[in-house]
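Working notes, structure below.
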Protein chains: 2
Amino acid sequence: LSLLIAMDFNESIVLQPIGYVKTSAVGNDVKDRNFISKIELRKDLAQALDGLVEFSHIFVLFYLNQVTDKEHLPLKVHPRGRMDLPLVGIYATRTNLRPNQIGVTVVELIKIDGTTLTVRGLDAYDGTPVLDVKPYDSWDSKTGVQVPDWRKKLEEEKTVKG
Amino acid sequence: LSLLIAMDFNESIVLQPIGYVKTSAVGNDVKDRNFISKIELRKDLAQALDGLVEFSHIFVLFYLNQVTDKEHLPLKVHPRGRMDLPLVGIYATRTNLRPNQIGVTVVELIKIDGTTLTVRGLDAYDGTPVLDVKPYDSWDSKTGVQVPDWRKKLEEEKTVKG
């Protein structure tokens, strides 16, 4: 019985936004890791933020609502759409072309005023629904991280560009 | 108009599991960061995993389906239910008593056989619905992370216990 329940892939999970991203970033600004943006949470969640500001970094979970054709998602993509990088499974990338289009980004928490969070490095467009924020702690910061060559190449390019 | 759309807190976001956690961990075993467990994904997602194994660590997003009384969630909790730790907002903790009960854990990826991932350090119970897996990269590994004193205390206890 447990197995039957456990493998029901048609189970529906319904979520609702707790807030929205507010940013002046447009186009490629969104990928600029120094860009500062805001998250406006529901006013009734003010107390739920108590103590969060003592963390320097947080996870932001958001809904990648730009993807409209959910019926025809690819299983593989070229990372960032770049044909010079190998075709890999969507789960080897952070593409928004995925089932359950949830983005997760670690950002620097700058300040909290009421239910407005100011953060640095959130790669989400203006109006993006926010699903959750979580404190980032030492367990989340891994050492000895290994990544494929194509990913290293992307990181080196970013370093060169500053 | 954009603002009206952006602030609709009743918007529903519907997700479906891409797989389920398989683990022999029960009770506190789940918090043992050395425990090895499996994630069984939908068979049709095999190709979507191509290349993921080249990453040493991944994020696992899962649905904290143990929480039943979603109408009466607290705004504040004592971390881990411990009265010796301060009462803080739910968003300053990783409690499952939160709107949009999505857990995010960084795990070590040990191997992938077909659509079965073997991972170390997944703090989720057997049968937990999995929503997403994502590669963990250097951007996700932050240095200079600051956390509150109560969180440091928890981390020190963990170290003492091995």
Side-chain angles (χ1 to χ4, degrees), chain A residues 2 5-7 9-18 20 33 42 45 47-52 54-57 59 61 63 75-76 86 88-94 98-100 102 104 106 126-127 129 131-148 151 155, chain B residues 2 5-7 9-18 20 33 42 45 47-52 54-57 59 61 63 75-76 86 88-94 98-100 102 104 106 126-127 129 131-148 151 155:
Chain A
S2 158
I5 293 169
M7 300 300 278
F9 290 118
N10 294 315
E11 176 181 351
S12 282
I13 293 163
V14 181
L15 308 177
Q16 290 183 318
I18 60 164
Y20 289 88
R33 298 300 197 170
R42 272 170 26 205
L45 293 173
Q47 280 195 69
L49 293 168
D50 276 10
L52 180 60
E54 291 188 68
F55 289 87
S56 60
H57 295 77
F59 286 112
L61 278 64
Y63 189 62
L75 288 172
K76 293 184 169 200
V88 295
I90 51 162
Y91 287 127
T93 79
R94 302 282 273 260
R98 60 203 309 127
N100 302 323
I102 303 171
V104 174
V106 185
D126 191 50
L131 299 174
D132 201 5
V133 294
K134 294 182 191 293
Y136 180 96
D137 61 48
S138 67
W139 177 256
D140 302 306
S141 179
K142 300 296 184 192
T143 54
V145 172
Q146 304 279 336
V147 302
R151 175 67 215 179
E155 285 171 10
Chain B
S2 159
I5 293 168
M7 300 299 279
F9 291 119
N10 294 315
E11 176 181 351
S12 283
I13 294 163
V14 182
L15 308 176
Q16 290 183 318
I18 60 164
Y20 288 88
R33 298 302 197 168
R42 274 171 23 207
L45 292 173
Q47 281 195 69
L49 292 168
D50 277 9
L52 181 61
E54 291 187 69
F55 290 85
S56 60
H57 296 79
F59 287 110
L61 277 63
Y63 189 62
L75 288 173
K76 294 185 168 201
V88 295
I90 51 162
Y91 286 127
T93 79
R94 302 281 275 258
R98 62 203 308 125
N100 302 324
I102 303 171
V104 174
V106 185
D126 191 49
L131 299 175
D132 201 5
V133 294
K134 294 182 191 293
Y136 179 96
D137 61 48
S138 67
W139 178 256
D140 302 306
S141 180
K142 300 298 182 190
T143 53
V145 173
Q146 304 280 332
V147 303
R151 175 68 214 179
E155 284 169 12

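Quick note on labels: first sequence line is chain A, next is B, and so on, each numbered from 1.
Residue A:Pro86 does not touch chain B at all, counting heavy-atom pairs closer than 4.5 Å. For chain B, the nearby part of A:Lys76 is the side chain; its heavy atoms alone come within less than 4.5 Å.
Summarising the geometry of B:Ala92 relative to A:Gly51, their closest heavy-atom pair is CB-C, 3.7 Å, with the distance given to 0.1 Å. Taking each heavy atom of A:Tyr63 and B:Ile13 in turn, the nearest pair found is CE1-CG2, 3.4 Å. Across every non-hydrogen atom of A:Ser56 and B:Gln146, the tightest pair is OG-N, 2.7 Å. The two residues B:Pro17 and A:Glu11 come nearest to each other via the heavy atoms CD-O, 3.1 Å. Heavy-atom minimum distance, B:Leu131 versus A:Asn100: O-ND2, 2.9 Å.
Counting heavy-atom pairs under 4.5 Å between each of A:Leu45, A:Leu49, A:Ile102 and chain B puts A:Ile102 at the top. Considering only heavy-atom pairs separated by less than 4.5 Å from chain B, the leading option among A:Val133, A:Leu52, A:Leu15, A:Leu75 is A:Leu15. Comparing A:Thr93, A:Asp132, A:Ile90, A:Leu61 by heavy-atom pairs within less than 4.5 Å of chain B, the highest count is held by A:Asp132. Heavy-atom pairs under 4.5 Å with chain A peak, among B:Thr143, B:Val88, B:Val147, at B:Val147.
Residues forming a side chain to side chain contact (heavy atoms under 4.5 Å, CB included) with B:Lys142 (at least two apart in sequence, or on another chain): A:His57, A:Val106, A:Tyr136, B:Trp139, B:Val145. Every salt bridge (charged side-chain N to carboxylate O under 4.0 Å, His left out) that B:Arg151 has, sequence neighbours left out, goes to A:Asp137, B:Glu155.
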